[in-house]
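Here the structure comes first, spelled out in structure tokens, and everything after it is commentary.
Throughout, a chain's letter reflects where its sequence line sits, starting with A, and its residues are numbered from 1. Hydrogens, waters and symmetry mates play no part in the numbers below; they use all other heavy atoms, side chains included.
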There are 2 protein chains.
Amino acid sequence: MAQRRIKQRKLSNPLALAVLSMCAETPRHPYEMAQVLRQRGKQASIKINFGSLYTVVQNLEKHGFIAAEGTERDGRRPERTVYGITETGRAEMRDWLSELLSVPVKEYPQFEAGLSLAGSLPPDEVEALLRKRLAALDDGVSVQAEVLEECRAVLPEIFLVEADYALTMQRAEAEWLRGLLRRMETNTLTGMDGWREFYVTGAPPQEWVDLDERTSGLPRPD
Amino acid sequence: MAQRRIKQRKLSNPLALAVLSMCAETPRHPYEMAQVLRQRGKQASIKINFGSLYTVVQNLEKHGFIAAEGTERDGRRPERTVYGITETGRAEMRDWLSELLSVPVKEYPQFEAGLSLAGSLPPDEVEALLRKRLAALDDGVSVQAEVLEECRAVLPEIFLVEADYALTMQRAEAEWLRGLLRRMETNTLTGMDGWREFYVTGAPPQEWVDLDERTSGLPRPD
DNA sequence: GCTCATATACTCGTCTACGAGTAAGAGTGA
DNA sequence: TCACTCTTACTCGTAGACGAGTATATGAGC
């Protein structure tokens with residue numbers, strides 16, 4: 001018997017969730033949604049692309065999560081359609097948001113991909129590149145820490161939870177990277193010499209040639 | 001004068017970089033690339049989707065980054081095209097990989113989006129959901145830590161750098177979450193009562209109504 | 001009162017991601 | 001040896017993401 005597939009959302013773009021959340025507060029037209037999201041600083045945690053916004057609104061309507069409640073017009077500007085959330089939409093929003101908050105999902109950060117393919121570059125080059133990243137990361141952290149402080153002065157902390165999270169994660173990355181670089185510099189990271197050898201002789205060291213076979217049965221995170 | 005736009009890659013899917021890296025080692029046919037990537041455990045850091053793989057290979061060829069070097073056939077199985085990397089492709093690979101390693105980019109983790117929209121759910125529910133996440137996160141961490149230990153027994157550490165990174169980041173998230181939950185439980189997080197009030201009375205508390213305006217000029221991370 | 005810049009409010013078309021489907025050979029057990 | 005399943009090796013169709021473009025309106029400066 002086939003195992004029931006885990007529920008798959010009709011829409012997967014987080015922007016759709018943001019739109020639902022906007023319409024749940026009060027009926028709005030698309031442009032206003034974008035404005036409010038921006039104004040509340042949500043564009044730092046959710047990518048708001050205008051091309052996507054209108055597609056997403058259309059699809060939400062198609063699936064019955066939001067419904068056009070009429071149109072308004074400001075002067076001779078183009079007419080704007082105002083959307084409100086439906087009951088189905090409200091349910092979808094609650095369910096989706098609950099899932100986002102309670103179920104950790106593996107996403108694939110580009111940096112992780114970079115790390116896993118770094119073997120295609122010579123070790124010294126990689127070391128230099130990572131040092132550059134660390135510097136940029138440290139800069140970013142100090143800038144954002146400052147901004148966050150300013151915000152804390154005027155806003156209750158619940159509104160800054162996501163910014164605090166992002167900052168914490170960046171700090172963690174910086175610390176990890178510092179550790180890695182130290183181990184690379186001091187040659188404490190096993191395999192560094194093999195890697196260097198490979199870039200000098202052009203061939204992988206003897207002890208690596210059968211690694212692929214020996215590790216084929218290894219439990220790998222998936 | 002328009003500022004020169006930052007270089008935009010012809011292909012953005014990290015799988016394309018993995019393909020380049022595979023072809024750089026030795027010419028291969030698509031299916032073999034996928035096999036080798038899997039066998040080396042890269043599927044943990046790069047999403048390998050067969051649908052995408054063939055599209056990506058095609059596009060890489062179209063842009064001259066890889067070139068068909070001929071075909072082979074094993075028994076009466078379908079014919080397979082073998083691709084090798086070109087000089088342009090090698091340059092693209094180096095450049096792309098260098099960028100991935102040295103330039104931190106903001107990605108938009110779903111959880112961050114969830115946090116920033118959590119206000120659409122009642123506070124007690126959010127607390128429960130986050131506790132559920134923390135439990136799952138802790139489980140995941142301990143499983144992966146074990147797997148990583150086993151791998152360390154047979155593999156040089158450079159091959160496990162990306163797994164170590166992923167584990168560290170998960171630990172950091174768990175720790176941050178633990179802190180947040182503590183602050184929520186002890187009511188140390190400012191704004192919690194306002195949020196609760198909002199879910200009881202149905203209206204935002206007095207001191208929030210003009211927050212939107214007061215914060216409109218705030219420097220926001222972007 | 002005219003021009004230029006900027007904000008408003010979308011539309012369009014392309015490119016791409018990816019799930020689901022397909023089909024043939026190889027192995028395996030009865 | 002024959003049925004069945006598993007693995008190999010792709011193909012196809014479609015939905016959606018997003019950049020770039022467009023067109024009007026409003027305000028600011030001269």
Quiz prompt | Between P of C:dA7 and CD of A:Gln39, the distance in whole Å | solution = 16 Å

Exercise. Output the residues of residues 18-31 of chain B in contact with DNA chain D, where contact means a heavy atom of the residue under 4.0 Å from an atom of the strand; sort by number or write none.
Key: B:His29, B:Tyr31

Quiz item: Taking only residues two or more places apart in sequence or in another chain, which ones pass side-chain hydrogen bond (donor to acceptor under 3.5 Å, both in side chains) with A:Asn49?
Solution: none

Exercise. Using atom CD of B:Gln58 as one end and atom P of C:dA17 as the other, report the distance to the nearest whole Å.
Key: 12 Å

Practice problem: Could you tell me the separation between the OH atom of A:Tyr108 and the C1' atom of C:dA17, rounded to a whole number of Å? | Solution: 14 Å

Quiz item: Do A:Arg40 and A:Phe159 meet the cation-pi criteria used here (NZ or CZ under 6.0 Å from the six-membered ring centre, within 45° of the axis)?
Solution: no

Quiz item: Rounding to a whole Å, what distance do you find between B:Tyr83:OH and D:dA9:C1'?
Solution: 13 Å

Practice problem: Sequence neighbours left out, what pairs pass ring-ring contact (aromatic ring centres under 6.0 Å, His included) with at least one residue falling in residues 32-68 of chain B? | Solution: B:Tyr31-B:Phe50

Quiz item: With a 4.0 Å cut-off on heavy atoms, is B:Glu32 in touch with a base, just the backbone sugar-phosphate, or nothing at all?
Solution: nothing

Quiz prompt | Value in whole Å for how far the P atom of C:dT16 lies from CG of B:Leu60 | solution = 10 Å

Quiz item: So, the side chain of A:Glu112 versus the backbone of B:Ile46: is there a donor-acceptor pair under 3.5 Å, distance only?
Solution: no

Practice problem: Would you please name every residue forming a side-chain hydrogen bond (donor to acceptor under 3.5 Å, both in side chains) with B:Ser120, sequence neighbours left out? | Solution: A:Ser21

Quiz item: How does protein reach along nucleotides 11-18 of chain D, written 5' to 3' as B (base within reach of a heavy atom under 4.0 Å), S (only sugar-phosphate), or - (no contact)?
Solution: B----SSB

Quiz item: Expressed in angstrom and rounded to an integer, what is the separation of A:Arg9 atom CZ from C:dG19 atom P?
Solution: 16 Å

Quiz prompt | Backbone of B:Gly51 reached by a side-chain donor or acceptor of B:Thr55 within 3.5 Å | solution = yes

Quiz item: Over how many whole Å does the gap from B:Leu15 atom CG to C:dA17 atom C1' extend?
Solution: 10 Å

Quiz item: With no hydrogens and no angle check, is any side-chain donor or acceptor of B:Lys42 less than 3.5 Å from a backbone partner on A:Ser116?
Solution: yes

Self-check item: Residue list, side-chain hydrogen bond (donor to acceptor under 3.5 Å, both in side chains) with A:Lys10, at least two apart or on another chain
Solution: none

Practice problem: Give a yes or no answer on whether the side chain of B:Arg28 reaches the backbone of B:Met22 with a donor-acceptor pair at less than 3.5 Å. | Solution: yes

Self-check item: Spacing between A:Ile48 atom CD1 and C:dA9 atom C1', to the nearest angstrom
Solution: 15 Å

